[in-house]
2 protein chains.
Amino acid sequence: MLSKKTQYAFHALIHLAENADKGPILISEIAQEKNISIKFLENILLELKNAGILGSKKGKGGGYYLLKTPKEVPLAKIIRLLDGAIALLPCVSLNYYEKCENCRDEAVCGLNDVMGKVRDATLKILENKTLKDILTRNVSIF
Amino acid sequence: MLSKKTQYAFHALIHLAENADKGPILISEIAQEKNISIKFLENILLELKNAGILGSKKGKGGGYYLLKTPKEVPLAKIIRLLDGAIALLPCVSLNYYEKCENCRDEAVCGLNDVMGKVRDATLKILENKTLKDILTRNVSIF
DNA sequence: AAAAAGCCTATCTTTTTTATAGAGTTTATG
DNA sequence: CATAAACTCTATAAAAAAGATAGGCTTTTT
């Protein structure tokens, strides 16, 4: 399951994309619109900013805005940023690899083999689907 | 990520499958072999038993054994039993469905759409790969 | 009867997730 | 230039989940 953090990030990004023409958007506006604790959302937007996905402006008239077009933001990137590994086992994670405890040889491990296939199938979708793809079907529903 | 519980379950099942000819296997033997806390493993094996995957025998000469052939145990079943939902969002889970909070209409939600595809791709593998598949490549490695 | 082994339920500890607090910094504007 | 608006940053707290342990109970073998 995706954490609340990642889910909130998606919802916030959708809101920002849908209102990209309106200049910087207030954290408080997004929080209210999507029913998210404003302080929690603050941290999430900050992470998205530090990752280069969002820009921000301080002071009156400030707020957050997308630095990239929705098509340039793969869903996998958001998930990795907020949740970490996408793979089901550390030993098949591309971005957060760790050896499984007790593992003697991944090359001969059947679990490693299968979970690697799951990772590939998952990433094929999440690396190619972008923020744009979750907008089209979504006509300001959230 | 799969929980330790699920990972331990896989390792235990592999051990039981590899020693299926030796009659009931002691919890303590599996625990030692796979470096798992014996008490924690006890709970896991009990769940597998209650799910009809393992059988057990009490008293001297007792232990656990597979009730099914490895080919009859899909990996998805084990994951669901110990970890719950496989899907990334509650609203696309087949076995643990829940409506997302704030969701007005799943039929128009782009996230629901994409995550449904991820679920399908994942299940296509995990429903079809079985205990047998993680044995073949694995020659008593754990 | 005694020992071996699984059964069952409860509790405890640790880690992770979710949420909050509050002082700091930047910027617009009257 | 003072003030208010808004994001920034770091720390902490609360809640939930995961991981682990404890101990008495039941069944079975010898």
Side-chain angles (χ1 to χ4, degrees), chain A residues 1-9 11-12 16 22-32 34-67 79 81-85 88 90 96 98 100-102, chain B residues 1-12 16 22-32 34-67 79 81-85 88 90 96 98 101-102:
Chain A
M1 285 278 170
L2 298 178
S3 68
K4 284 279 170 71
K5 225 169 161 179
T6 296
Q7 294 181 45
Y8 291 162
H11 290 174
L16 288 171
K22 303 200 181 69
I25 307 291
L26 295 182
I27 299 176
S28 56
E29 176 185 321
I30 304 173
Q32 190 162 35
K34 307 291 184 178
N35 266 291
I36 307 172
S37 143
I38 186 171
K39 274 299 195 176
F40 195 34
L41 182 57
E42 229 178 75
N43 295 312
I44 295 167
L45 295 179
L46 205 43
E47 284 192 72
L48 289 166
K49 185 202 166 184
N50 292 333
I53 295 163
L54 297 182
S56 68
K57 191 161 177 290
K58 290 181 180 178
K60 182 157 191 176
Y64 278 97
Y65 49 89
L66 277 168
L67 280 182
I79 297 176
L81 185 64
L82 284 316
D83 264 7
L88 293 181
Y96 298 87
E98 271 179 71
C100 290
E101 41 185 65
N102 301 339
Chain B
M1 285 280 171
L2 299 178
S3 68
K4 285 277 170 71
K5 226 169 160 178
T6 296
Q7 294 181 45
Y8 291 162
F10 280 135
H11 290 174
L16 288 172
K22 303 201 182 67
I25 306 291
L26 295 182
I27 300 177
S28 56
E29 176 185 321
I30 304 173
Q32 191 164 34
K34 308 291 185 178
N35 265 291
I36 307 172
S37 141
I38 187 170
K39 275 300 195 176
F40 195 32
L41 181 58
E42 222 178 83
N43 294 312
I44 296 167
L45 295 180
L46 204 43
E47 284 193 74
L48 289 166
K49 185 202 165 184
N50 291 334
I53 295 164
L54 297 182
S56 68
K57 192 162 175 290
K58 290 183 181 178
K60 183 158 188 178
Y64 278 97
Y65 48 89
L66 278 167
L67 279 183
I79 297 176
L81 185 64
L82 284 315
D83 265 7
L88 292 180
Y96 298 86
E98 269 180 72
E101 42 185 65
N102 300 340

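Just the heavy atoms: all of them, side chains too, but no hydrogens, waters or symmetry mates, feed the values below. Chain A is the first sequence line, chain B the second, and so forth, proteins listed ahead of strands; every chain is numbered from 1.
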Next item on the list: Could you check Ile38(A) against Gly62(B) and say which one's nearest nucleotide on DNA chain C is further toward the 5' end?
Entry: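 By nearest-heavy-atom nucleotide position, the 5'-most residue is Gly62(B).
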To the nearest angstrom, how far is [X] atom [atom1] from [N] atom [atom2]?
X	N	atom1	atom2	answer
Phe40(A)	dT16(C)	CZ	C1'	11 Å
Leu82(A)	dT16(C)	CG	C1'	15 Å
Ile44(A)	dT17(C)	CD1	C1'	11 Å
Glu47(B)	dG6(C)	CD	C1'	15 Å
Leu26(A)	dT27(C)	CG	C1'	14 Å
Glu29(B)	dG6(C)	CD	C1'	15 Å
Ile27(B)	dC8(C)	CD1	P	12 Å
Leu46(B)	dT9(C)	CG	P	9 Å

For nucleotides 22-30 of chain D, 5' to 3', base contacts (B), sugar-phosphate-only contacts (S) and non-contacts (-) with protein non-hydrogen atoms under 4.0 Å give BB--BBBS-
Judged by nearest nucleotide, the residue sitting upstream toward the 5' end of DNA chain D, Ser28(A) or Asp83(B), is Ser28(A)
When rounded to the nearest 0.5 Å, the distance separating CG of Leu54(B) from CG of Leu48(B) is 5.0 Å
Q.
For Leu2(B), is there any backbone N or O sitting under 3.5 Å from a side-chain donor or acceptor partner on Asp83(B)?
A. no
### Check against side chain to side chain contact (heavy atoms under 4.5 Å, CB included), Leu88(A) and Thr6(B)
CA-CA 11 Å; Leu88(A) 293 181; Thr6(B) 296; over 6 Å; no
Nearest heavy-atom approach of Tyr8(A) to Glu101(B) is OH-OE2, 3.8 Å
Q.
Which heavy atom of Ala9(A) sits nearest to which heavy atom of Leu82(A), and what is that distance?
A.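 It is CB-CD2, 3.8 Å.
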Between [Y] and [X], is there a side-chain heavy-atom distance shorter than 4.5 Å?
X	Y	value
Leu45(B)	Ile30(B)	yes
Leu67(A)	Ile53(A)	no
Ser56(A)	Pro24(A)	no

Inset, instruction - Go through the steps to decide whether Phe40(A) and Lys5(A) satisfy the test side chain to side chain contact (heavy atoms under 4.5 Å, CB included), and finish with yes or no. - result: CA-CA 8 Å; Phe40(A) 195 34; Lys5(A) 225 169 161 179; 4.0 Å; yes
* Looking for any heavy atom pair under 4.0 Å, which part of the strands does Ile25(A) touch: base, sugar-phosphate only, or nothing? ->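 Counting heavy atoms under 4.0 Å across all strands, the contact made by Ile25(A) is with sugar-phosphate only.
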Q.
Does Leu45(B) reach a base, just sugar-phosphate, or nothing at all? Heavy atoms under 4.0 Å.
A.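 Here Leu45(B) touches no strand at all.
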Please state whether the phosphate of [N], meaning OP1 or OP2, lies under 4.0 angstrom from any side-chain nitrogen or oxygen of [X].
X	N	result
Ser3(A)	dT18(C)	yes
Tyr8(B)	dA20(D)	yes
Ser56(B)	dA5(C)	no

Taking only N/O atoms, report every protein-nucleotides 12-17 of chain D pair under 3.5 Å with atom names and distance.
none

By side chain to side chain donor-acceptor pair (under 3.5 Å), Lys60(A) pairs with (sequence neighbours left out) none
